Peer 1: 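Take a look at the following structure, please.
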Amino acid sequence: MSSTNIYKLRCSIPGHEMDVRGVAPAAFPDGAFVSVSRDRTGRVWVPNSSPDRGFSEMLCMAGHSNFVSCVCIIAPSETYPRGLIATGGNDNIICIFSLDRPQPLYTLQGHKNTVCTLSSGKFGTLLSGSWDTTAKVWLNEKCMMTLQGHTAAVWAVLILPEQGLMLSGSADKTIKLWKAGRCERTFTGHEDCVRGLAVISSTEFFSCSNDTSIRRWLVTGECVQVYYSHTNYIYSLAVFPNSQDFISTGEDRTLRIWKQGECCQTIRLPAQSVWCCCILPNGDIAVGASDGIIRVFTHAEDRMASAEDLQAFEDELSKTTIDPKTGDLGDIKMEDLPGREHLNERGNRDGQTRLIKDGQKVEAYQWSVSDGRWMKIGDVVGGSNQQTSKNVTYEGKEYDYVFTIDVNEGGPSFKLPYNVTEDPWLTAHNFLQKNDLSPMFLDQVANFIIENTKGHVVGPAPPAGGDPFTGGARYIPGSSNDRDSAGADPFTGGGAYSSAALRQTSTNIYFPKTDGVTFDQANASQIISKLKELNGGAPPEHKLSEETVESLERLLLACGANSSEFPLTIQDINLLWKASHLPEDIVFPVLDIMRLAVRHPQVNENLCGEAEGVQLCNHLLSLMRPEGRPANQMLALRTLCNCFSGRHGRALLMAQRETVLSRAADLAAVCNKNIHVALATLVLNYAGCLHSQPDLEAKAQCLSVASRALETVQDKEAIFRLLVALGTTVFSDQTARDLARSLGVNSQISKFSSVSDPSKVGECCQLVLKELQ
């Protein structure tokens with residue numbers, strides 16, 4: 001089979017009735033691919049043996065109640081050896097299809113707005129991005145975690161092949177790198193909405209943007225190259241198997257092929273928006289466009305279209321009308337354009353465009369290196385790109401336009417304010433929602449906006465114009481570097497985890513650990529002595545009364561070994577609660593007393609009950625702020641751990657799990673091993689409570705927090721407790737195991753399997769790795 005470096009049309013597939021918004025190579029059968037469209041369908045196309053070298057429709061999938069925006073393939077598994085197809089739509093849902101039925105196997109619901117991007121990973125993991133500004137991780141029909149941090153729509157997501165890393169690109173102009181549900185890094189550089197992402201390797205990726213650029217990044221944060229050639233928004237990217245060359249499509253009507261860092265071929269299409277592209281296993285390229293047609297291009301001569309079909313494609317392109325207001329051709333001054341003789345000069349590069357004047361007409365031509373000639377790509381119609389609009393005030397705000405929209409004949413009209421830096425589709429979507437109008441009008445309203453605002457630029461806009469979702473400033477918290485050299489806390493009792501037992505038998509004595517681990521050690525006399533010392537030097541407005549000090553002393557004794565000799569009163573508990581609000585520089589002895597007191601059934605019930613529990617949680621979380629005092633952070637964590645000793649405390653902490661674990665996870669960045677041990681114990685207690693429960697989202701958070709903490713924690717006892725938490729979470733739960741593997745937990749913890757001092761770290765790690773096999 002002969003092959004050239006030049007791509008030419010293989011076939012056109014007019015299977016959809018509206019814009020084709022996504023294409024992806026199918027896992028089965030060979031050479032097949034999937035497309036999705038605004039016509040609410042997805043279709044599977046297989047190569048046929050007809051003379052036109054085309055594709056036949058194998059399956060038409062229906063399940064969305066609105067436009068279908070994106071598609072990806074979930075890799076084959078034992079259950080589904082042909083793989084699955086995931087589609088996302090403007091109805092906010094994700095549909096999962098098999099190749100043998102037109103209706104979805106199941107749907108995934110959770111996003112609050114259009115699902116516009118999907119990516120699949122190992123073990124059936126699915127990552128989705130939405131206009132609701134979030135990305136979500138799905139596994140086995142469940143949402144395992146929600147990635148929050150972008151300030152505008154998430155237009156692109158990507159699961160990297162190794163290490164459990166995920167990427168999201170947003171209209172806030174940033175890309176975020178996520179590991180175990182936490183944002184590890186934010187990439188800045190694009191000047192407009194990020195529309196597409198593509199894998200180069202486990203350590204590199206491409207991004208494309210409305211700013212007309214493509215960037216190559218290292219996952220460590222560096223942008224190593226920027227590519228320019230497109231003249232308008234870039235919507236999609238795909239990378240060739242050599243992990244170097246790639247293709248891109250965009251709003252400038254083109255598919256561009258990049259080799260060795262240069263745009264070596266530009267293929268112009270007879271459609272304004274070339275929404276999507278993918279590379280098929282044989283190297284052919286499939287693209288979907290706004291005219292509803294899928295076009296496949298090939299470099300293999302025996303698969304190229306016939307000479308007649310190639311000429312028909314060129315004729316169709318030449319008859320295209322190009323509105324200069326799109327900006328794709330630059331500003332046009334009729335009087336300055338050369339005549340047809342200008343086409344006698346050879347072009348400088350493939351894809352170069354040239355405008356010529358033929359009487360009163362303006363024609364656009366593109367240079368073809370392979371043919372050595374200028375090809376007509378359309379007639380230029382309409383005015384120049386110089387017009388601007390005047391501001392209009394509506395509801396107290398200035399807009400570039402305020403349209404009057406009549407949706408129903410005879411019904412009321414509606415005002416639609418619009419700025420040219422906004423996205424017409426999002427503006428139309430929000431307009432319909434605000435006025436409780438049917439989403440069926442979305443295309444009509446968006447196209448009305450586009451037709452009536454073409455080319456209008458206000459102020460110093462970016463080269464490709466503005467985009468809707470340009471969020472405001474972000475707050476990025478720093479980390480604390482406070483150090484504390486105090487010793488680590490023991491686990492519960494001596495010899496609780498004896499390594500000798502493991503060496504003698506194959507029994508797993510480490511996990512699942514379902515009984516709560518508490519911090520019981522205390523020197524009551526030292527605590528009271530410190531309390532009195534700090535109280536003596538406190539300013540009058542914060543000084544505790546003698547009665548309160550005596551009450552705290554009594555409460556401390558009541559929570560000791562002989563608690564029956566010191567009955568508690570409600571007043572004692574109330575005084576403890578009040579004293580816990582002392583200034584942060586003198587409160588820690590009171591927190592130490594609270595840490596011990598919450599183990600007492602009466603205190604646990606009173607402080608953790610339905611009425612008071614949320615207040616207790618919020619107070620402890622306020623003390624755990626990353627910029628807070630390490631002693632208070634540690635004691636607040638220990639108090640939360642000890643709350644697990646009573647049923648009221650367990651119920652409270654399970655109800656507040658998401659908030660508590662999120663705040664606690666931030667303390668892994670504080671360089672203090674006592675805090676790390678307390679954090680690890682908190683995660684372990686949560687894992688124990690969740691062990692027999694089917695709450696996969698909660699287990700996902702435990703996995704995420706434990707995994708992230710293991711990246712920074714160095715204390716061996718803290719590492720050990722985090723390993724026990726991981727083991728408890730995945731024990732006898734296949735879905736939790738799959739998620740842990742997809743997050744890269746195996747490779748992350750393997751370094752601990754050889755730890756021999758203490759031996760329980762290495763032994764526990766080996767058992768967790770065995771569980772994850």
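All figures in this text were calculated on a predicted structure; none of them were measured in a lab.
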Peer 1: Of the non-hydrogen atoms in Ser128 and Val115, which two are nearest, and what is the gap between them?
Peer 2: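 Answer, listing the atom of Ser128 first, then Val115: CB-CG1, 4.2 Å.
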
Peer 1: Using a 3.5 Å distance criterion without hydrogens, assess whether the side chain of Thr107 forms a donor-acceptor pair with backbone atoms of Cys95.
Peer 2: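 No: the side chain of Thr107 does not pair with the backbone of Cys95.
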
Peer 1: Evaluate the criterion salt bridge (charged side-chain N to carboxylate O under 4.0 Å, His left out) for residue pair Arg253 and Asp291; output intermediate values, then yes/no.
Peer 2: CA-CA 11 Å; Arg253 304 168 176 258; Asp291 59 359; over 6 Å; no

Peer 1: Would you say the side-chain atoms of Asn66 pair up with the backbone N or O of Asp91, donor to acceptor, closer than 3.5 Å?
Peer 2: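 Not a single qualifying donor-acceptor pair exists.
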
Peer 1: What I'd like to find out is whether the side chain of Ile449 reaches to under 4.5 Å of the side chain of Thr427, using heavy atoms alone.
Peer 2: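 Yes, close enough: below the 4.5 Å cut-off.
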
Peer 1: Once rounded to the nearest 0.5 Å, what's the spacing between atom CE of Met624 and atom CZ of Arg663?
Peer 2: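 So the gap between those two atoms works out to 7.0 Å.
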
Peer 1: Check whether the side chains of Thr174 and Thr186 place a donor and an acceptor atom closer than 3.5 Å, and report yes or no.
Peer 2: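 Judged by distance alone, the side chains do not pair up.
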
Peer 1: With a cut-off of 6.0 Å (strictly less than), are more than 12 heavy atoms of other residues, nucleotides or ligands near CD of Glu711?
Peer 2: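 Counting neighbours around CD of Glu711, more than 12 heavy atoms of other residues, nucleotides or ligands fall under 6.0 Å, so yes.
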
Peer 1: Identify the two heavy atoms, one from Ser119 and one from Leu158, that lie closest to each other, and give their separation to 0.1 Å.
Peer 2: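 Shortest heavy-atom separation between Ser119 and Leu158 comes out as OG-CA, 3.6 Å.
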
Peer 1: With heavy-atom distances below 4.5 Å as the criterion, would you say the side chains of Leu167 and Leu160 are in contact?
Peer 2: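 Sidechains of Leu160 and Leu167: in contact.
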
Peer 1: Where do Ser236 and Thr249 land on the side chain to side chain donor-acceptor pair (under 3.5 Å) test, with the steps shown first?
Peer 2: CA-CA 6 Å; Ser236 69; Thr249 65; 2.6 Å; yes

Peer 1: Looking only at side chains, do Arg43 and Thr41 share a donor and an acceptor under 3.5 Å apart?
Peer 2: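 Present: a donor and an acceptor within the cut-off.
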
Peer 1: Counting distance only, does the side-chain N/O of Asp172 pair as donor-acceptor with the main-chain N or O of His150 below 3.5 Å?
Peer 2: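 No, the answer is negative, given that no donor and acceptor are paired below the 3.5 Å cut-off.
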
Peer 1: Give the intermediate values and the outcome of ring-ring contact (aromatic ring centres under 6.0 Å, His included) for residues Phe240 and Phe246.
Peer 2: CA-CA 5 Å; Phe240 284 102; Phe246 60 96; 8.7 Å; no

Peer 1: Taking the side chain from Gln701 and the backbone from Glu658, do they hold a donor-acceptor pair closer than 3.5 Å?
Peer 2: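 Yes; at least one donor-acceptor contact below 3.5 Å.
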
Peer 1: Taking it one step at a time, do Ser229 and Arg256 satisfy side chain to side chain donor-acceptor pair (under 3.5 Å)?
Peer 2: CA-CA 8 Å; Ser229 182; Arg256 296 179 191 250; 2.9 Å; yes

Peer 1: Just do the ring-ring contact (aromatic ring centres under 6.0 Å, His included) check on Phe187 and Phe205 with the steps written out, would you?
Peer 2: CA-CA 12 Å; Phe187 302 78; Phe205 65 93; 5.3 Å; yes

Peer 1: Quick check with a 6.0 Å cut-off and a 45 degree axis cone: is Arg195 positioned over the face of Tyr235's six-membered ring?
Peer 2: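 No, a cation-pi geometry is absent between Arg195 and Tyr235.
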
Peer 1: Taking all non-hydrogen atoms of both residues, which atom of Gly221 and which atom of Arg185 are closest, and how far apart?
Peer 2: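 So the two residues come closest at CA-CD, 3.5 Å.
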
Peer 1: Distance check, rounded to the nearest 0.5 Å: Arg708 atom CZ versus Leu703 atom CG?
Peer 2: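 Here the interatomic distance stands at 11.5 Å.
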
Peer 1: Within a strict 4.5 Å, meaning less than it, do heavy atoms of the Leu126 and Leu108 side chains meet?
Peer 2: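 A side-chain contact under 4.5 Å exists here.
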
Peer 1: Using ring-ring contact (aromatic ring centres under 6.0 Å, His included), reason through Tyr418 and Phe431 one step at a time and then give a plain yes or no.
Peer 2: CA-CA 10 Å; Tyr418 178 73; Phe431 167 78; over 10 Å; no

Peer 1: How far apart are the closest heavy atoms of Pro104 and Ala62, and which atoms are they?
Peer 2: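 Pro104 and Ala62 have their closest heavy atoms at CD-O, 3.5 Å.
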
Peer 1: Looking at every heavy atom in both Thr87 and Val36, which two are closest together, and how far apart are they?
Peer 2: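 Looks like CG2-CG1, 3.7 Å.
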
Peer 1: Quick one: does Ser273's side chain have a donor or acceptor within less than 3.5 Å of a partner on Ser290's backbone?
Peer 2: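 Side chain of Ser273 to backbone of Ser290: no pair is present.
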
Peer 1: Grab the two heavy atoms, one from Asn90 and one from Ser69, that are nearest each other, plus how far apart they are.
Peer 2: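 Of all heavy-atom pairs spanning Asn90 and Ser69, the closest is OD1-OG, 2.7 Å.
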
Peer 1: Does Arg182 reach the side chain of Asp666, with side-chain heavy atoms less than 4.5 Å apart?
Peer 2: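 Arg182 reaches Asp666 side chain to side chain.
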
Peer 1: Is there a side-chain contact (heavy atoms from CB on, under 4.5 Å) between Ser120 and Cys72 once you walk through the steps?
Peer 2: CA-CA 7 Å; Ser120 63; Cys72 80; 4.1 Å; yes

Peer 1: Do Asp19 and Ser37 pair up side chain to side chain, a donor and an acceptor below 3.5 Å, judged on atom types alone?
Peer 2: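 Side chains of Asp19 and Ser37: no pair found under 3.5 Å.
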
Peer 1: Look up atom OG1 in Thr735 and atom CG in Asn140, then write down how far apart they are to the nearest 0.5 Å.
Peer 2: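 Answer rounded to 0.5 Å: 4.0 Å.
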
Peer 1: Does atom CD (Glu262) have a neighbourhood of more than 12 heavy atoms from anything else shown, all under 6.0 Å?
Peer 2: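 Not buried by this count: 12 neighbours or fewer within 6.0 Å.
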
Peer 1: Got Leu696 and Met144 here, is their nearest side-chain heavy-atom distance under 4.5 Å?
Peer 2: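 The answer is yes; the side chains approach within 4.5 Å.
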
Peer 1: Look up atom CE in Met61 and atom CD1 in Ile96, then write down how far apart they are to the nearest 0.5 Å.
Peer 2: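 Here the interatomic distance stands at 11.0 Å.
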
Peer 1: Please round to the nearest 0.5 Å and tell me the distance separating atom CD of Gln148 and atom SG of Cys183.
Peer 2: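 These two atoms lie 12.0 Å from each other.
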
Peer 1: Determine, step by step, whether Arg38 and His16 satisfy the side-chain contact (heavy atoms from CB on, under 4.5 Å) criterion, reporting the C-alpha distance in whole Å, the side-chain angles of both residues, the deciding distance to 0.1 Å, and the verdict.
Peer 2: CA-CA 9 Å; Arg38 286 184 182 273; His16 285 288; over 6 Å; no

Peer 1: Using only atom types and a distance under 3.5 Å, with no angle test, would you say the side chain of Arg215 pairs donor to acceptor with the backbone of Cys208?
Peer 2: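 The answer is no, because no donor-acceptor pair under 3.5 Å joins these two groups.
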
Peer 1: So does Thr114 get a backbone contact from the side chain of Ser130, meaning a donor-acceptor N/O pair under 3.5 Å?
Peer 2: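 Indeed, once roles are kept as given, a pair shorter than 3.5 Å links the two residues.
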
Peer 1: Please tell me whether Trp155 and Thr117 have a donor and an acceptor in their side chains that are separated by less than 3.5 angstrom.
Peer 2: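 Short answer, no.
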
Peer 1: Testing Leu118, Thr125, Ile74, Ile94 for side chain to side chain contact (heavy atoms under 4.5 Å, CB included) with Trp138, which one passes?
Peer 2: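 It is Ile94, the one option of Leu118, Thr125, Ile74, Ile94 that forms the side chain to side chain contact (heavy atoms under 4.5 Å, CB included) with Trp138.
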
Peer 1: Mark yes or no for whether Gln272, through its side chain, and Glu251, through its backbone, hold a donor-acceptor pair below 3.5 Å.
Peer 2: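 Judged by distance alone, yes, a pair lies under 3.5 Å.
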
Peer 1: Give the C-alpha distance, both sets of side-chain angles, the deciding distance and a yes or no for side chain to side chain donor-acceptor pair (under 3.5 Å) between Asn232 and Thr212.
Peer 2: CA-CA 5 Å; Asn232 210 322; Thr212 74; over 6 Å; no

Peer 1: May I ask you to decide if Trp131's main-chain N or O and Asn113's side chain share a donor-acceptor pair within less than 3.5 Å?
Peer 2: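 Pair absent, no side-chain N/O of Asn113 close to backbone of Trp131.
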
Peer 1: Apply side-chain contact (heavy atoms from CB on, under 4.5 Å) to the pair Val20 and Trp275, showing each step before the final yes or no.
Peer 2: CA-CA 7 Å; Val20 178; Trp275 291 116; 5.9 Å; no

Peer 1: Is there side-chain contact between Ile200 and Phe206, with at least one heavy-atom pair below 4.5 Å?
Peer 2: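 A side-chain contact exists here, since the closest heavy-atom pair is under 4.5 Å.
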
Peer 1: Does any part of the side chain of Ser170, heavy atoms only, come nearer than 4.5 Å to the side chain of Val194, both counted from C-beta?
Peer 2: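 Side chain of Val194 against side chain of Ser170, heavy atoms only: no contact under 4.5 Å found.
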
Peer 1: Looking only at side chains, do Asn92 and His111 share a donor and an acceptor under 3.5 Å apart?
Peer 2: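 Absent: no donor and acceptor within the cut-off.
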
Peer 1: Which residues pass the side chain to side chain donor-acceptor pair (under 3.5 Å) test with Gln748, sequence neighbours left out?
Peer 2: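 Counting only residues at least two positions away or on another chain, Gln748 forms a side chain to side chain donor-acceptor pair (under 3.5 Å) with Ser707.
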
Peer 1: Salt bridge check, Arg216 against Glu204: does any charged N sit closer than 4.0 Å to a carboxylate O?
Peer 2: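 Here Glu204 pairs with Arg216 in a salt bridge, since their nearest N and O are under 4.0 Å apart.
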
Peer 1: Should Val23 and Val71 be marked as a side-chain contact (heavy atoms from CB on, under 4.5 Å) after you check the CA-CA gap, both sets of side-chain angles, and the distance that decides it?
Peer 2: CA-CA 7 Å; Val23 288; Val71 62; 5.7 Å; no

Peer 1: If we ignore angles and hydrogens, is there a donor and acceptor under 3.5 Å between the side chains of Ser168 and Trp178?
Peer 2: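 Yes.
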
Peer 1: Do the side chains of Leu661 and Cys702 get nearer than 4.5 Å, heavy atoms only?
Peer 2: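 Touching, per the 4.5 Å side-chain cut-off.
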
Peer 1: Give a yes or no answer on whether the side chain of Thr134 reaches the backbone of Thr146 with a donor-acceptor pair at less than 3.5 Å.
Peer 2: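 Side chain of Thr134 to backbone of Thr146: no pair is present.
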
